[in-house]
Amino acid sequence: MTPFLEVSGVSKRFGGIQAVSGVSFQVRRGMIKAVIGPNGAGKTTLFNMVSGFSAPDHGTITFGGHPIHGCRPHQVAARGISRTFQNIRLFEHLSALENVMVGRHLRSRAGFLAGMLDLGWARREATAMRGLALEVMAFLGIEALADAEATSLAYGQQRAVELARALASDPELVLLDEPAAGLNMRETRDLAGLITRIRDRGITVLLVEHDMSLVMEICDEVLVLSYGEKIAEADPRTVQRDPQVVKVYLGEEEC
């Protein structure tokens, strides 16, 4: 069976720094998979290559059997992959709902001219887009924030709005770059439930995360990077016991 996402031998160098070196892995449809590793391990660079923000120097990336390693971000998104970012990237002076609707514009037909001419079909599409964005926000339990300006939201709420924007494009695969960063313990528990519900909704999840308790709780598989190379890939408990992971990632001595 063709893997849902297949990354084969990808490498990326920035000047004299080898950020990612010959990394290969697969993601099966319907799973939650984590990419972990110490700072500088190449995790975000790997995400950038999958999502089209950076092209690999070597290797291939296929999604649903089709190559995407030469695609631009909007083309990757149109194929069914959306993402969040380590640093929140909301439009500060738009409302939470408007930020979520931005994620839906990828699926719209109306452009600037149609909106300016106030065409009936464009108005109907905008109304439908608003309804779908509200539905996504309700799914995440943040519909009450719809009219709030993004800058007025607490950090955890901004994270939730960014996640809603990613889901608004109706993706098959969502990439979450450190979704628990900056969240407190209660917010992290809520996030674990949300990610599980996203998977249960039929959306495959690939995440970069430092919070090992979150990874252990929700993930089916874990890929471990160190200095741009894959050092382990297995279920969470197997990875947690791997001597090389313990030594390199957790910074502990082998027993």
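Under the 4.5 Å side-chain criterion, counting only non-hydrogen atoms from C-beta, Gln26 is not in contact with Phe4. Contact check for Val205 versus Lys33: no side-chain heavy atoms found under the 4.5 Å cut-off. Using a 4.5 Å heavy-atom cutoff, the side chains of Gln18 and Lys12 are not in contact. Side-chain contact between Leu46 and Met49 is present, with at least one heavy-atom pair separated by less than 4.5 Å. Annotation: side chain of Ile36 is in contact with side chain of Met212 (closest heavy-atom distance under 4.5 Å). Side-chain contact check for Val245 versus Gln240: every heavy-atom pair is 4.5 Å or farther apart. The side-chain heavy atoms of Ile198 and Leu163, taken from C-beta on, include a pair separated by under 4.5 Å. Side-chain contact check for Thr45 versus Phe47: every heavy-atom pair is 4.5 Å or farther apart.
The two residues Ile68 and Val76 come nearest to each other via the heavy atoms O-CG2, 4.3 Å. Between Met137 and Ala96, the shortest heavy-atom contact is CE-CB, 4.0 Å. Contact detail for Gly37 and Lys43: the closest heavy-atom pair is O-NZ, 3.0 Å.
Atom CZ of Arg199 is separated from atom OG1 of Thr204 by 9.5 Å, given to the nearest 0.5 angstrom. Rounded to the nearest 0.5 Å, atoms CG (Leu94) and CE (Met101) are 10.5 Å apart. Of the inter-residue distances, the one linking Glu209 atom CD with Ile218 atom CD1 reads 8.0 Å to the nearest 0.5 angstrom. Separation of atoms OG (Ser51) and CD (Gln75) is listed at 13.0 Å; rounding is to 0.5 Å. Note that NE2 of His74 and OG of Ser169 are 14.0 Å apart. Values are rounded to the nearest 0.5 Å. Rounded to the nearest 0.5 Å, atoms CG (Asp211) and CG (Leu191) are 9.0 Å apart.
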Side chain to side chain contact (heavy atoms under 4.5 Å, CB included) between Leu167 and Leu140, intermediate numbers included: CA-CA 10 Å; Leu167 297 180; Leu140 295 179; 4.1 Å; yes

Step-by-step side chain to side chain contact (heavy atoms under 4.5 Å, CB included) determination, Arg130 to Glu135: CA-CA 9 Å; Arg130 178 184 174 88; Glu135 180 186 332; over 6 Å; no

Show me the side-chain donor-acceptor pairs of residues 223-231 shorter than 3.5 Å, one per line, residues at least two apart or across chains.
from, atom 1, to, atom 2, distance (Å)
Lys230, NZ, Ser24, O, 2.9
Lys230, NZ, Glu233, OE1, 3.0

If you look only at distance, which donor and acceptor atoms sit under 3.5 Å apart when one is on a side chain in residues 171-184 and the other is two or more places apart or in another chain?
from, atom 1, to, atom 2, distance (Å)
Glu172, OE1, Arg29, NH1, 3.1
Asp177, OD2, Thr44, OG1, 3.2
Asp177, OD2, Arg83, NH2, 3.4
Glu178, OE2, His210, NE2, 3.4
Asn184, OD1, Arg186, N, 3.2
Asn184, OD1, Glu187, N, 2.7

Sequence neighbours excluded and cut-off under 3.5 Å, please list the side-chain donor-acceptor pairs for residues 56-65, or say none.
from, atom 1, to, atom 2, distance (Å)
Asp57, OD2, Arg13, N, 2.7

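Cys219 pairs with exactly one of Val239, Ile32, Leu214, Ile195 by the side-chain contact (heavy atoms from CB on, under 4.5 Å) rule, that one being Ile32.
Here the side chain of Ser95 pairs no donor or acceptor atom with the backbone of Ala148 at under 3.5 angstrom. Looking at Arg237, its side chain never comes within 3.5 Å of a backbone N or O of Met216 through a donor-acceptor pair. Side chain of Asn99 to backbone of Leu90: no donor-acceptor contact under 3.5 angstrom is found. Between the side chain of Thr84 and the main chain of Glu162, no donor-acceptor pair closer than 3.5 Å is present. Judged purely by atom type and a 3.5 angstrom limit, Gln158 has no side-chain atom pairing as donor or acceptor with the backbone of Tyr155.
With respect to the salt-bridge test (charged N to carboxylate O, under 4.0 angstrom), the residues Arg28 and Asp220 do not qualify.
Summarising the local packing, CZ of Arg72 is surrounded by 12 or fewer heavy atoms from other residues, nucleotides or ligands at distances under 6.0 Å. In this structure, Asp200 places its CG atom where more than 12 heavy-atom neighbours from other residues, nucleotides or ligands lie under 6.0 Å away. By the neighbour-count criterion of 12 heavy atoms within 6.0 Å, atom CD of Glu92 is sparsely surrounded, having that number or fewer from other residues, nucleotides or ligands.
Looking at residues two or more places apart in sequence or on another chain, you find a side-chain hydrogen bond (donor to acceptor under 3.5 Å, both in side chains) between Thr151 and Glu149. Every ring pair (Phe, Tyr, Trp, His ring centres under 6.0 Å) that Phe53 has, sequence neighbours left out, goes to Phe85. Under the side-chain hydrogen bond (donor to acceptor under 3.5 Å, both in side chains) criterion, Asp235 pairs with Thr238, sequence neighbours left out.
When hydrophobic clusters are built by joining Ile, Leu, Val, Met, Phe, Trp and Tyr residues whose side-chain heavy atoms come closer than 4.5 Å, directly or via intermediates, Leu132 is not grouped with Leu97.
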